[in-house]
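Everything numeric here is computed off the predicted structure, so don't read it as measured data. All values below come from the heavy atoms of this structure, side chains included, with hydrogens, waters and symmetry mates left out. Start at 1 with the first residue, then count along the sequence.
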Amino acid sequence: MTVTTTTSADLRSESVRTLYDQVMARCKDIDHLNGIGGLLNWDQEVMMPPKATAVRSEQLSVLVGVLHEIQTSPVQGALLDELEYRQQHEDLSIVLNPYELANIRLARKAYKEETLVPVEVAKASAALSSKSAAAWAAARKESDFSKFAPFLEEQIKLLRQSMGYKIRGGSKEEARKINEKARASLGLSETDECYKGYYQGLMNIYETGFKEDRLQALFADLKKHLIPLIAKIKAKNFQHDNSFLLRDYDITKQIEFSHSLAKKIGFDTDAGRLDVSTHPFSGGAHPTDIRMTTRYTLNNIKEGITATVHETGHSVYEQGRNKEYFGTPVSQALSLGIHESQSLLWERMVGLEKPFWTYALPLLKEKYPEDTQLQSVTVDQFYLGFNRVEPGFIRIEADEVTYPMHVILRYEIEKALVEGDIEVADVPALWNAKMKEYLGLDVTEDRLGCLQDIHWSFGMVGYFPTYSLGSIYSVQIFTHARESIPNLDEHLAKGEFHVLKEWLNKNIHQQGSLRESGDDLVFDLTGKHLDSSLYVKYLTDKYTAIYDL
């Protein structure tokens, strides 16, 4: 039965199951349209002809308009209002299971947020993102931030505008509290311009339920311990040999090896594909249609391997989602921090360690039998060379010790940008100053600095912290996996990656968005809230041994 009425009197006679099914039918339509958008964005990054940028912008704008119309449908609102009324007067758990109850919560939250933002703003944002991404790519090629700056200014303007609607409409309560407190302390009225707290709201788009004051405490802890650790390693004035990684390795063979690793870990190539793009990413339309990209460097084989393993972690998460609830909100990944925990768990907790290379190094040697230097490398030597700590300019190429500094730098800049503490024109100089302070590097061109990431071109501000949250999550989750799976290292050394993947499928991937935050998921799994001290201890212990500190 299809419900088309919108009055509570008409809906009061409908069963809870009927109401729920109608809400989910619209949610599935929304999911399919978002999937189409995902394919359009994938195509733009991988194979779209350059002259199609303008029409792709228009296509995405139209798609967002259609999505907004469905997402803000009065019928959907009436159905959700009636379900909320029923929840206040009935025990819906008699009829609906926990996943279905979570679907109602998530659908209501999404509906509220969408109805607060005018369709014109949503469409403008989608159209800008397509043009902005093309401008970023051109500016990066020329290493000239000034050519991207106008687009970033417009993105910040639209983000503030959109967040303002959400804060005033009551969907971003924590951000509202921060904003009101700031206005009071500065003596500002409600009509005065003030963007304090806006970053909290933007961050919660990607990391639901996480408070920025806690993020600041976690990042302060990382800075306190990791900056001295980096200094100690640098003071050793010693590096393990990694010359065997920096030889010219045929790209075709690199691709073959990386593809074999992705499939061995568990990436289903009948439900996805792996391509090349400027910036590695994972996306697609559905768990049965995952689009993963990576990139390769001729004279640094590590880059292609780690990028591929990283993106495979994202992709097996997507392919491992709860099949029973495909297309509904509860099937979606809980947060980007949890998503990143899965890519980093495979890249670092598995892919940087000896058990993995006990399995993979012989296979790599088979690909390059003519390389006498590679043939002579032992697993121990490979491990030491693969885990060198060397401050560098590029985030996605950074080792795991210096990586958090790249994230903290971006967080501090984008927060200041959104909240009005700096201007877009200040970004390059501030970026370069922080790179000098945190990593001791002098940035020589924008391509190596503020133009290296694509995120801001898509208006993805508040996203970067999830990378380091993912690092912290990954250590906590993998530590628990080791405690839960007998002889895990032995399985990994034999290439039996399915043992870990199936454990993650059950405990992380299939859980979807059942919990209200990543912290809730980790607490229920490990018995502890997110704890940066575990992450610091992991890095300190590992690299103290590697560098004999």
Tyr359 and Phe497, any side-chain heavy atoms less than 4.5 Å apart:
yes
Would you verify whether the NZ or CZ of Arg515 falls within 45 degrees of the ring axis of Phe523 while also being under 6.0 Å from that six-membered ring's centre?
no
Between His509 and Gln342, do the side chains contain an N or O donor and an N or O acceptor separated by less than 3.5 Å?
yes
Measure across Ser162 and Val117 and return the closest heavy-atom pair with its distance rounded to 0.1 Å.
OG-CG2, 3.7 Å
Taking atom types as modelled, find out whether Glu207 and Thr466 have a side-chain donor-acceptor pair closer than 3.5 angstrom.
no
Treating Thr53 as the side-chain partner and Pro50 as the backbone partner, does any N or O pair qualify as donor plus acceptor under 3.5 Å?
yes
In this structure, is the centre-to-centre distance between the rings of Tyr199 and Tyr411 below 6.0 Å?
yes
Return yes when atom CD of Glu69 has more than 12 non-hydrogen atoms of other residues, nucleotides or ligands closer than 6.0 Å, and no otherwise.
no
Less than 3.5 Å apart, any donor N or O on the side chain of Glu414 or Trp456 sitting next to an acceptor on the other?
yes
Answer with yes or no whether the side chains of His286 and Glu318 bring together a donor and an acceptor at under 3.5 Å.
no
Around atom NZ of Lys367, are there more than 12 heavy atoms from other residues, nucleotides or ligands closer than 6.0 Å?
yes
So, the side chain of Asn487 versus the backbone of Glu490: is there a donor-acceptor pair under 3.5 Å, distance only?
no
Phe356 side chain near Leu492 side chain, heavy-atom distance below 4.5 Å
no
Are side-chain N/O atoms of Tyr538 and Glu400 paired as donor and acceptor at under 3.5 Å?
yes
Please check if any side-chain donor atom of Asp21 sits under 3.5 Å from a side-chain acceptor atom of Thr18, or the reverse.
no
Any residue meeting side-chain contact (heavy atoms from CB on, under 4.5 Å) with Leu298, in chain and number order, not counting sequence neighbours
Asp248, Ile251
Distance (rounded to the nearest 0.5 Å) between Ser129 OG and Met460 CE
9.5 Å
Do Tyr20 and Asn103 have a side chain donor and acceptor closer than 3.5 Å?
yes
Would a 4.5 Å heavy-atom cut-off, applied to side chains only, mark Phe210 and Ser517 as touching?
no
